[in-house]
Structure formats: C-alpha cells, structure tokens
There are 2 protein chains.
Amino acid sequence: MSSMTNESGAKGTRMRAEDRREHILKAATEVFGDYGYFGTTTAVVARAAGVSQPYVVRVFGTKEKLFLEVLQRALDLLMREFRAALAEESDVPLADRIGLAYVGLASNRGLLLSLMHGFVLGRDPEIGPEARRGFMCVYRFLRTEAGFDADESERFLAGGMMINTMIGLRMTDDFDRDADVRELLRAAFPQKLDVLLALAEPPIAERNGARS
Amino acid sequence: MSSMTNESGAKGTRMRAEDRREHILKAATEVFGDYGYFGTTTAVVARAAGVSQPYVVRVFGTKEKLFLEVLQRALDLLMREFRAALAEESDVPLADRIGLAYVGLASNRGLLLSLMHGFVLGRDPEIGPEARRGFMCVYRFLRTEAGFDADESERFLAGGMMINTMIGLRMTDDFDRDADVRELLRAAFPQKLDVLLALAEPPIAERNGARS
DNA sequence: TCGATTGGTTATTGGATGATTACTTAGCAC
DNA sequence: GTGCTAAGTAATCATCCAATAACCAATCGA
C-alpha cells in the first residue's frame with residue numbers, strides 16, 4: 001500500500017515485511033506440498049522465496065511455526081472460497097458449487113497438499129491438534145453454514161480426500177500412459193479435470209540441500 | 001519353521017534372517033505410519049525392532065528401499081484381505097464385505113497410514129511411481145475382480161481415503177471431547193468404529209533421535 | 001542530510017542422520 | 001569339541017540442517 005513497494009522478487013530491492021512474509025508463505029506452501037513437513041528444509045523454502053535461509057527462520061521463529069502458518073493460511077483461503085461459493089447466486093446446486101470451489105483450489109499449488117500433509121501427522125504434538133481443528137472447521141461449515149447433514153458432509157469430505165490423494169500421487173502423470181488412470185480420474189473429477197491436467201510438472205526447487 | 005527359532009525379540013538369542021527381516025518390517029510400518037518417510041529415522045525403526053541401527057540399514061540397503069518394502073508388504077496384505085472378503089460366502093453385500101476388510105486393516109498398526117504417507121509423496125522419483133502403481137492395483141481389483149463400475153470404485157476409494165485421513169489425524173483422540181467429532185466418525189465408520197476407538201495411544205517409540 | 005528503523009545477509013555451530021567398516025558371537029554340521 | 005557360517009553390534013564418518021550471532025544497507029521521517 002505504500003509508494004514503491006516491490007511486488008515481484010526483483011533483486012536488490014526491498015519489500016515491506018508483511019509482503020515478504022506472504023511471499024515466503026506462498027513459496028513454503030508449494031515446497032511443503034511437494035515434500036511434506038519433515039521432507040522440507042528451510043533452505044529450500046528460502047531458495048524458492050528468493051531469500052536467505054536464516055531470514056526464513058527469523059521471520060517465522062521455527063520451521064514448525066512456519067508450517068503451522070502455512071496450514072492456517074491454506075485453511076483461511078479454503079474457507080473464503082467456500083463461503084464465496086455459498087453466497088453465489090446460481091442455478092447450480094450448492095453441493096456442486098462448493099465442490100467446484102474445492103477443485104479450483106487445486107490450481108493454487110501446494111495448498112491442498114500442504115493440508116493433506118498436515119492431516120497425516122496427527123500424532124505430532126503441535127501439528128496434530130491444529131490439523132484436527134482445521135479439519136473440523138470445514139466439517140462444521142458444511143453442517144452449519146451449508147446445511148448438509150452428517151452423511152452428506154462425510155461424503156463431501158471423502159471426495160475431497162480422494163482429490164487430495166490423486167493430487168498427492170501426481171496421478172495425472174500417468175494420464176496419457178494408462179487407460180485405467182484416465183477412467184479413475186474422470187470418475188474422481190467429473191468436472192474441472194482439465195484444471196488438474198493443466199498443472200504441469202515444474203518441481204518448485206531443484207532438490208539441493210534437502211533431506212534423504 | 002526351523003527348530004528353536006526365536007519368535008519374540010528375546011534378548012541374547014538370534015532369529016533367522018528371514019524372520020528378523022519381517023520383524024523389522026512390522027516395526028518400520030508402525031514408525032513410518034506415525035511420522036512418514038522423511039520423519040522416520042532408521043535409528044527409531046531399529047529401536048522399535050530391538051536391533052541396532054546399522055543392522056536395519058544392512059538388511060534393507062537404504063532407508064528408501066526399506067520404505068518401499070513397507071509399502072509393498074502393506075499392499076500385499078491389503079490385497080490378500082480383499083481377496084479373502086471376495087471369496088467369502090456370505091449374505092452381506094460384496095461392497096460391505098470389502099469395506100469391512102478395509103476397516104479391519106486399521107487394527108494393523110501403521111499399515112494404512114504408511115500407504116497414505118506414500119500416497120502424498122507422488123513427486124518423489126522413486127516412491128511416486130511405486131505409490132501410483134500400488135493405488136492402481138487396488139483400483140483394478142475393484143473394477144476387474146470385484147466387478148464394481150468406475151463410479152462405485154471411485155466412491156469406495158474415496159471412503160478409504162477418508163478413513164485413512166481420520167486415522168492419520170488421530171481424530172479418535174477428540175472423540176470424547178467433541179460432539180461434532182463423534183458425529184463425523186459415526187458417519188465415516190458406520191460399522192467397526194469400536195475397532196478404531198480401541199486403537200489407543202502407545203506411541204511406538206519415545207521420539208529420540210528423530211527429525212525436527 | 002542524517003540518524004534511526006526496518007529489511008535483509010554472511011558466517012557459524014551443535015546436534016542429528018544415513019551409511020560404512022571392522023569386529024564379535026551364536027548355532028549348526030560333523 | 002571344533003570350525004564355519006550366519007546374525008548381529010560398536011565405533012565412526014561425512015553430510016546436512018535448523019537455529020544463532022553478528023553485521024550491513026535501504027528507506028523514511030524530520
């Protein structure tokens with residue numbers, strides 16, 4: 001909002017702390033989405049964001065806090081999209097509108113996958129409670145705001161977890177090679193499969209300095 | 001099968017290599033299930049199996065090969081249970097029988113979760129292809145052997161991913177605390193919820209020497 | 001224009017971590 | 001018993017990683 005704030009990561013110039021923070025969060029979301037919490041190093045996040053590794057740590061305190069912020073930001077975005085779909089005037093049934101909003105989030109690289117990585121770390125003493133809280137937040141939205149019953153909500157979430165898994169598996173990689181994969185993906189993504197297939201293959205960072 | 005082979009990890013005695021190997025694979029399945037591929041150290045697996053860390057590495061070559069063997073073993077067990085459910089004479093509908101078999105696998109600690117951890121590492125050049133292959137193996141079973149159509153198969157798998165997510169989140173931890181959690185879990189596990197709740201909370205290894 | 005504040009960097013470190021090497025000992029065949 | 005093979009362990013290492021410390025330079029208000 002100030003004069004001459006650098007929006008891109010152009011070299012030599014500075015960003016306001018708040019913008020840089022968001023910039024790092026975006027990069028971190030992509031890296032965490034690809035390699036998960038333990039598989040991600042602060043150095044790779046830093047490189048993806050175009051800053052130094054210690055700066056990442058200084059802004060967020062610890063790698064764990066960074067991951068928790070990534071999860072929170074992802075959930076905020078998701079809820080915003082869901083509420084927008086809910087508010088939307090349309091002939092399309094509500095469940096389909098929210099479903100489409102969900103699939104649309106897949107174009108935000110790493111967002112759904114970072115959440116998914118959080119969902120499988122329920123045993124972690126810090127991440128687990130946050131992940132459960134976030135998941136239930138979505139469930140409560142479906143039940144209370146969207147007006148779904150328990151079974152509808154469960155089925156919707158199941159479809160979501162299926163989508164996350166297809167993305168996590170990079171199942172689209174085998175789309176051209178395997179007719180069964182095509183059939184499965186068409187069943188899992190009745191609409192907007194094209195969005196998925198368009199998400200091509202640039203790994204966010206050459207995997208230097210990352211864990212084995 | 002031989003005389004005097006030690007079955008438990010009783011101290012001072014030896015096991016035949018094949019038995020010890022299976023013993024380590026079981027322990028590794030639990031640890032990988034809790035912390036994922038990158039979050040698991042060979043030292044923690046070794047402690048869980050009651051052997052030394054270098055021995056784990058020597059038996060399996062690398063940590064990566066160990067994880068791939070864990071995935072393969074998990075898939076083998078899963079397919080065996082599915083085929084058993086298929087062969088079973090019963091009045092229960094086939095889909096329910098296979099579903100019950102799936103939930104039953106949850107009592108095999110770490111098995112479904114290790115698979116799930118594999119499913120979200122699709123970008124990994126070694127793990128990704130194996131994970132996709134394993135997933136499609138299940139899909140082909142449903143389509144070809146069980147006789148489901150594409151949509152039925154997709155819905156079944158979606159339910160499976162939902163179950164995996166609930167387990168990964170340790171959602172049962174909040175069962176007593178949160179009425180919404182109870183409602184969701186009852187919807188996700190129409191039967192056999194008791195099996196899940198019975199799976200209490202002994203973390204497989206005090207988390208020494210593990211990743212941050 | 002100058003001093004303070006904010007937005008960064010380079011250098012460094014302590015502690016893990018996967019893997020290797022060299023060594024020990026249990027159990028079987030005879 | 002005795003010797004051979006298979007089943008392990010202890011010691012060690014190179015590497016990596018998150019975090020800390022110390023320092024530098026844009027930008028802005030006055």
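If you're wondering where the values come from, they're calculated on a predicted model, not measured in any experiment. So that the names make sense, note that chain A is the first sequence line, chain B the second, and so on, each numbered from 1.
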Which of parallel (below 30°), tilted (30 to 60°) and perpendicular (above 60°) describes A:F156 and A:Y102? perpendicular
Nearest whole angstrom, please: distance from the [atom2] of [N] to the [atom1] of [X].
X: A:M15; N: C:dT6; atom1: CE; atom2: P; answer: 19 Å
X: A:D19; N: D:dT27; atom1: CG; atom2: C1'; answer: 15 Å
X: A:Q53; N: C:dT9; atom1: CD; atom2: P; answer: 11 Å
X: B:F60; N: C:dT20; atom1: CZ; atom2: P; answer: 16 Å
X: A:E64; N: D:dC17; atom1: CD; atom2: C1'; answer: 15 Å
X: A:Y35; N: D:dC17; atom1: OH; atom2: P; answer: 12 Å
X: A:Y55; N: D:dA26; atom1: OH; atom2: P; answer: 15 Å
X: A:L66; N: D:dC17; atom1: CG; atom2: C1'; answer: 15 Å

Ranking B:E18 and B:P54 by the position along DNA chain D of their nearest nucleotide, the one closer to 5' is B:E18
One should read off an interatomic distance between B:I167 CD1 and B:F189 CZ, to the nearest 0.5 angstrom, of 5.0 Å
Interatomic distance, OG1@B:T165 vs CZ@A:F135, rounded to 0.5 Å, equals 6.0 Å
Near B:Q72 CD, under 6.0 Å, is it more than 12 heavy atoms from other residues, nucleotides or ligands? yes
Which listed nucleotide ([options]) is nearest to the side chain of [X]?
X: B:R14; options: D:dA6, D:dA11, D:dA19; value: D:dA6
X: B:A17; options: C:dG7, D:dA19, D:dA7; value: D:dA7
X: A:K63; options: C:dT9, D:dA19, C:dT20; value: D:dA19
X: A:T41; options: D:dA18, C:dT20, C:dG7; value: D:dA18

Phosphate-side-chain proximity, B:R20 and D:dG8, N/O vs OP1/OP2 below 4.0 Å: yes
Does A:T42 have a side-chain nitrogen or oxygen under 4.0 Å from the phosphate oxygens OP1 or OP2 of D:dA18? yes
With sequence neighbours excluded, give me every salt bridge (charged side-chain N to carboxylate O under 4.0 Å, His left out) pair touching residues 185-195 of chain B. none
Below 3.5 Å, does any donor atom in the side chain of B:R58 face an acceptor in the base of D:dG8, or the other way round? yes
